[in-house]
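Okay, so here's the structure we're looking at.
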Amino acid sequence: MSATGTAQSGTTTARAARRSGAQRKLLAFASLILLVAGFSIASPNFFQLSNIMAILQAASVNGVLAVGVTLIIITGGIDLSIGTLMTFCAVMTGVVLTWGGMPLPLGIAAALATGACCGLVSGTLVAKAKIPPFIATLGMMLILKGLSLIVTGTKPIYFNDTPSFTLIAQGSLIGAVVPAFPVPNGVLVLFVVAAAVAWILGRTVLGRYTFALGSNEEAARLSGVNTDGWKIAIYALAGGIVGIGGLLIASRLNSAQPALGLGYELEAIAAVVIGGTSLSGGRGTVLGTLIGALIMAVLTNGLRVMSVAPEWQTVVTGIIIIVAVYGDQLRRGAAR
Amino acid sequence: MSATGTAQSGTTTARAARRSGAQRKLLAFASLILLVAGFSIASPNFFQLSNIMAILQAASVNGVLAVGVTLIIITGGIDLSIGTLMTFCAVMTGVVLTWGGMPLPLGIAAALATGACCGLVSGTLVAKAKIPPFIATLGMMLILKGLSLIVTGTKPIYFNDTPSFTLIAQGSLIGAVVPAFPVPNGVLVLFVVAAAVAWILGRTVLGRYTFALGSNEEAARLSGVNTDGWKIAIYALAGGIVGIGGLLIASRLNSAQPALGLGYELEAIAAVVIGGTSLSGGRGTVLGTLIGALIMAVLTNGLRVMSVAPEWQTVVTGIIIIVAVYGDQLRRGAAR
Amino acid sequence: MSELVRLEGIDKHFPGVHALRAVGFDLRPGEVHALMGENGAGKSTLMKVLSGVYQPDGGRILIDGAEVSLPTPKAARDLGIGIIHQELALMRDLTAAQNIWIGREPRLSFGRIDEARLNAEAEAIFATMRLGIDPRAPVAGLSIALQQMVEIAKALSFRSRVLIMDEPTAALNDAEIAELFTIVRRLRAEGVGIIYISHKMDEIKRVADRVTVMRDGATVGTVEAADTPISRIISMMVGRELTEEKAAIPDLAAAPAALEVSHLSRGADLRDIGFTLRKGEILGFAGLMGAGRTELARAIFGAEPADTGEIRVHGRPVTIRTPRDAVRAGIGYLSEDRKQYGLALGLDVRANIAMASLPRYADRIGRIDEGALARVARDYIRTLGIRTPDDTREVRLLSGGNQQKVVIAKWLLRDCDILIFDEPTRGIDVGAKAEIYRLLNELAGLGKAIIVISSELPEVLRLAHRIAVMCEGRLTGILPGGASQEEIMELATEGMAA
Amino acid sequence: AQDQMYIPLISKGFQHQFWQAVKAGADRAGAELGVTVSFEGPDNESQVDKQIDMLAAALAKHPAAIGFAALDSQAAIPLLRQAQEADIPVIAFDSGVDSDIPVATAATDNLAAAALAADKMAEMIGGAGPVAVVAHDQTSRTGVDRRDGFVNRMKEAHPDVEIVDIEYGGGDHLQSTEITKAILTAHPDIKGIFGTNEGSAIGVVNGVRESGVKGVTVIGYDSGKAQKDAIRDGLMAGAITQNPVGIGYETVKAAVAAAKGEPVEKTIDTGFFWYDKTNIDDPEIAAVLYD
Ligand SMILES: Nc1ncnc2c1ncn2[C@@H]1O[C@H](COP(=O)(O)OP(=O)(O)OP(=O)(O)O)[C@@H](O)[C@H]1O
Ligand SMILES: Nc1ncnc2c1ncn2[C@@H]1O[C@H](COP(=O)(O)OP(=O)(O)OP(=O)(O)O)[C@@H](O)[C@H]1O
Ligand SMILES: [Mg+2]
Ligand SMILES: [Mg+2]
């Protein structure tokens, strides 16, 4: 009898848990919809295909960075170097394509490899040298910032010799098929990356260990998990994803701008946290991060389209970030 | 019998812990000395009274901010708004002194009150609305950044009508007494603030609860501590200290520069962590933070005095931050 | 007789769990009222309601006959209700004295704390408990047992009229338990009402006046401790009769060695330890607290590798520098502190059970076969009787005993040849304890080699085929399973500076 | 309000005095010509992509014309092309765009302006000695042009003047102050320092004053109250000023003309001026100074 009782309550709980989880995501999504609706009413120019595409395009780089750093944040870490790493990856692509005159795939590989290697270094500093992630990646942020300037001699590298390079972010595969829906490739890349990372997190050993590290690293280690190794792998994977971000921004700007990148890390982390991932690790979703990045992009674009004075844009952005997370918090409290 | 055994091991541990703590601080101090020695050998211009004063002066603003944020970090929180809050406090001083034509003490009070009020808001968002500190203060950072621009109409406010204002940071009380030792007042302020906060942390109830919150907030709450109230108080206190930082920078620049401040938060947090305070809360010292701020100031100044190329300065700074914390980590590992 | 506390019809729901169903309870001054029940029966939840941590969904709380509401822990404390929580609620970075007086620091002017008085008063409390803890020692550096003692000291410092003790002895050894009972009896004599929760059945007879038994969130009944046999209380708890007897000790002289440890040393913690564990054997480890049994286990398992020494598994020498090496060599380790070292509390039951065996349920590209995992997880939930709605519930929401079973399931799934169980029944109810004993015997019967570290001598005596005794980091002797308590204690204190 | 012609200006920044002066000029032209003007720019001059996003948002508003101060002209080409296709005339301001899309450019020749600063510096330090540059940015167009204009001119025309240090303070007053003090420590014999924008120049003045060194010739760039005060007090020998108000004004004027289909001049040189103690109050100079 107690068994059936348990079973029954079991299903209810599971269902309730699933419902509250789904609800939460739905409600985060609702914040997004609310913002879009608000701006659409406030300005006739907002809800237009071209502007929506501009928003998605604007979200793509930050979104990719945010998805990458989501992995690290779930392990309980943080990565402040993603902004300057993105730039460094773009620079290395420039070196390979423009200076080296190599074919496009090698340039793409250069960005990914650079990202993964730098991630590997950060990961090793964190996992092996036991340097707190904040400091390890703050150091990497400065090192990579300097390296980008050193490698380029402080001048942008342009991709004029590789005309197809701009297609990575700016072309539209979808638009070629469905002309009414000219989704830029950058957006496509964002969604593909997000889907892949969501799959990794949800279905693979790496994903499971990502959560385990964030939840209780010592317990994972004492279960025979090679925690250091997996952590390094996660940082490297995140670095590779940042490399994709580097490709996107370089493609959008048709150049590798060596001084770019500082400040992008905070924006990406903000997207992650708005998306409901906890900075203390152990929990988080890619879908949430995606919504977080979209909320930020919609906000920025909408305020601009409404011609709000720039200083007020900043204030309103600050308020909405707080309110969005507060809403999420309320829901959680209620769910608890 | 078991009791005596326990007692022994108890005392030994405590003594060992105390010893290793002192050692650690000594060794962090050693890093500093090492840096100073290195630069002194590398450049004859480095170890001169005027340059040492310049370094101390350079450390003063960042040091004060770092001391303030140390409090928050010990509670397990973080404050990203300190840079722009510093600016906002400077602006409010300008409003009171220059626009309002009020006497100096009121201007000083304005900075402190502004800082404390904003800290109060951040603290309330964190404690009552349960918004993660990272997000609450990220929002505040943006809001305050915007407000400074709005209040000033993006123009600096100068303190030409209050000539004594520059004395806050630039005068030298000590120099007036001991001319051979012209320590700028800004440095004096830093040391006074540090001493006061060290006293608060070590001797008062507020300090005790700062550690308690960072160590186990739930336990403190279950023990009947008004955790929310104290947390708000701590953020307000930290805000007030940031207000002092605002006074210092305004005094040094003889103006409130509304666009300044972004990026100062990371530098201050870096100083705190280099000083051995853990970002996960519960432990930390003001002395460590002071040493951390000095390490950063020595590093920046030394590399410049050595005329290292600016992009390499960045790289070297990154490396040294990592190495300094790695050294600290090794020592801790050894102590453990 | 006047009543100190009366609870009527207390109801409490958690999402998906009806934790308390119209529970009634009463406490008189000057009595020790034991609250018994299986893991997850709702004991801690009821006590949290009484101490203002949880708000009940229904029911009344009466103190001295007057109905009260307890919106905060402080409100409860102001009414004279003190509690020692089951889960340690200490601030690890503060010192023992600071923990005791947190929230009530003796103050001087300007918000200064009178640190000298604070330490002196803490020392005085420790003295009455006959403990030599340095009040200035950071709690993080104390063993779990000493931390528990600090919790008890803290509760005593309130001079409460009602003192709730939620499994205070789970981490204590016999000497300390005796010490605690002296304190309990003294408080009882002073008229304090004590609610006492424990899974150690013998303690009922030693201190309790009355016993209330809970099952599935409801009260089964209240009986006088003096005239109720333990077996009756057990059957009230588990709803059936438990018959348990020691399994016969098999003759393993001819069995091949599974684990051979020789000349294992690490600093002053472990000194030249050597023993052999045979296939199918249960080797018990006894010793006083701090004897180094946990250190030994952690050294063998690679959690903190030894400095010198040799370990052979199935006759082959192995190098174990990390837990991964140990797991690969077929060694599993269930730690004594499940929260810190055993569980990822934020993850669900299934993920925790799978933690040590994940690669086995993944294909070449690392994709996890969730279906298969769910099946085995449910298997273990059933066979170990883990009380959880399903395998996707976060482990932190389970009761302590059920959490322990999840850790056991993790190592069972991993299917190690050598299992080291450090305090496997800490915080586990009698029914589950019996199941775990049965399980260990079964595993031994299947040819697994098992080490059981336990601070409860009866447990060691009941389970072990041989008993290794440690003292101050040395292995002072190995006794046959039928050894007497006196023999063990003699080895456990051998050579100690008395 | 929708009936009024709408012209957004995407600049390189908005928080700095210089950009506020450009904005003031643009607003004045807007008021005179009866058009709505908006003014926006990223936080710093490295945020090329933020500026692109701003341009995209501006295009979404279907403006009559756009004013654009490109941080990197090549990076903006696709959007500029989009503007061209939508028949939105683009006016480049502050610095040029390497493309024939902009119908007009209203800009300062930063290279020439910085060269003038070099000439003045050489003259004041007697044609020889070590000097340093505290620049505001290592990569942005304005930072690079002002640095290179100064450095190259020194090399070509004043070979005895040695540039011993170039540092970058991000236009941050405090950082530039610390940098200056470090430069003075490293090179106690320094004769002069050039600060390449308002923040840098003020930082240099502060640094020199705080270290109590005498006889260092400070030359600044741009205007602002503190800079004017420093020149009056003799702490700064003089500075280059552009005509930001004129840049803003001319940009909007050209934009309106282009939107109406009227012909516009391809390049509008808004000029730059040297000012020091002697001419700071001349009406011609006072008109281009701002604070
Ligand atoms: N915060 C909570 N949220 C959800 N469920 C909870 C919570 N706390 C307890 N429960 C559930 O309530 C039930 C009663 O738990 P409780 O901790 O009171 O058991 P217990 O009798 O103290 O067990 P043990 O002897 O193992 O400590 C369990 O099923 C547990 O999973
Ligand atoms: N009070 C204490 N303070 C600090 N360290 C302690 C204390 N008590 C024990 N230790 C450390 O733990 C070591 C042995 O403890 P360990 O936990 O291994 O013993 P055990 O026999 O497993 O006892 P337990 O019953 O507590 O598990 C000691 O050598 C010592 O280093
Ligand atoms: Mg319990
Ligand atoms: Mg032990």
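So you know, we letter chains A, B, ... as the sequences are listed, proteins then strands, and number each from 1. Not measured: the values here are computed from a predicted model.
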Between A/L65 and A/A268, what is the shortest heavy-atom contact and its length?
CB-CB, 4.0 Å
Interchain contact, B/L125 with chain A, by part (heavy-atom threshold 4.5 Å)
side chain
Chain B contact via A/T154 - which portion, at a heavy-atom distance below 4.5 Å
side chain
Chain A contact via B/A129 - side chain, backbone, both or neither, heavy atoms under 4.5 Å
both
So what's closer than 4.5 Å to chain A heavy atoms on B/L144: side chain, backbone, both or neither?
neither
Determine whether more than 12 heavy atoms belonging to other residues, nucleotides or ligands lie under 6.0 Å from atom CH2 of A/W99.
yes
Please classify the contact of A/I319 with chain B as side chain, backbone, both or neither, using a heavy-atom distance under 4.5 Å.
both
Tell me, side chain or backbone of A/I321 under 4.5 Å from chain B's heavy atoms, or both, or neither?
both
Using only heavy-atom distances, determine whether the side chains of B/T289 and B/T70 contain a donor-acceptor pair under 3.5 Å.
yes
Hey, which of B/I320, B/V323, B/I269 has the most heavy atom pairs under 4.5 Å with chain A?
B/I269
Take A/I74 and A/T277 through the side-chain contact (heavy atoms from CB on, under 4.5 Å) test and state the conclusion after the steps.
CA-CA 7 Å; A/I74 292 177; A/T277 295; 4.1 Å; yes
Residue A/K145 excluded, over 12 heavy atoms near NZ under 6.0 Å
no
With a 4.5 Å cut-off on heavy-atom pairs, point out which of B/L142, B/I274, B/V325 contacts chain A the most.
B/L142
Honestly, the part of A/A270 sitting under 4.5 Å from a heavy atom of chain B is both
Would you find a donor on one side and an acceptor on the other, under 3.5 Å apart, between the side chain of B/T84 and the backbone of B/M141?
yes
Report which part of A/I322 has an atom under 4.5 Å of a heavy atom belonging to chain B: side chain, backbone, both, or neither.
both
Is there a donor-acceptor pair closer than 3.5 Å between any side-chain N or O of A/T137 and the backbone N or O of A/L80?
yes
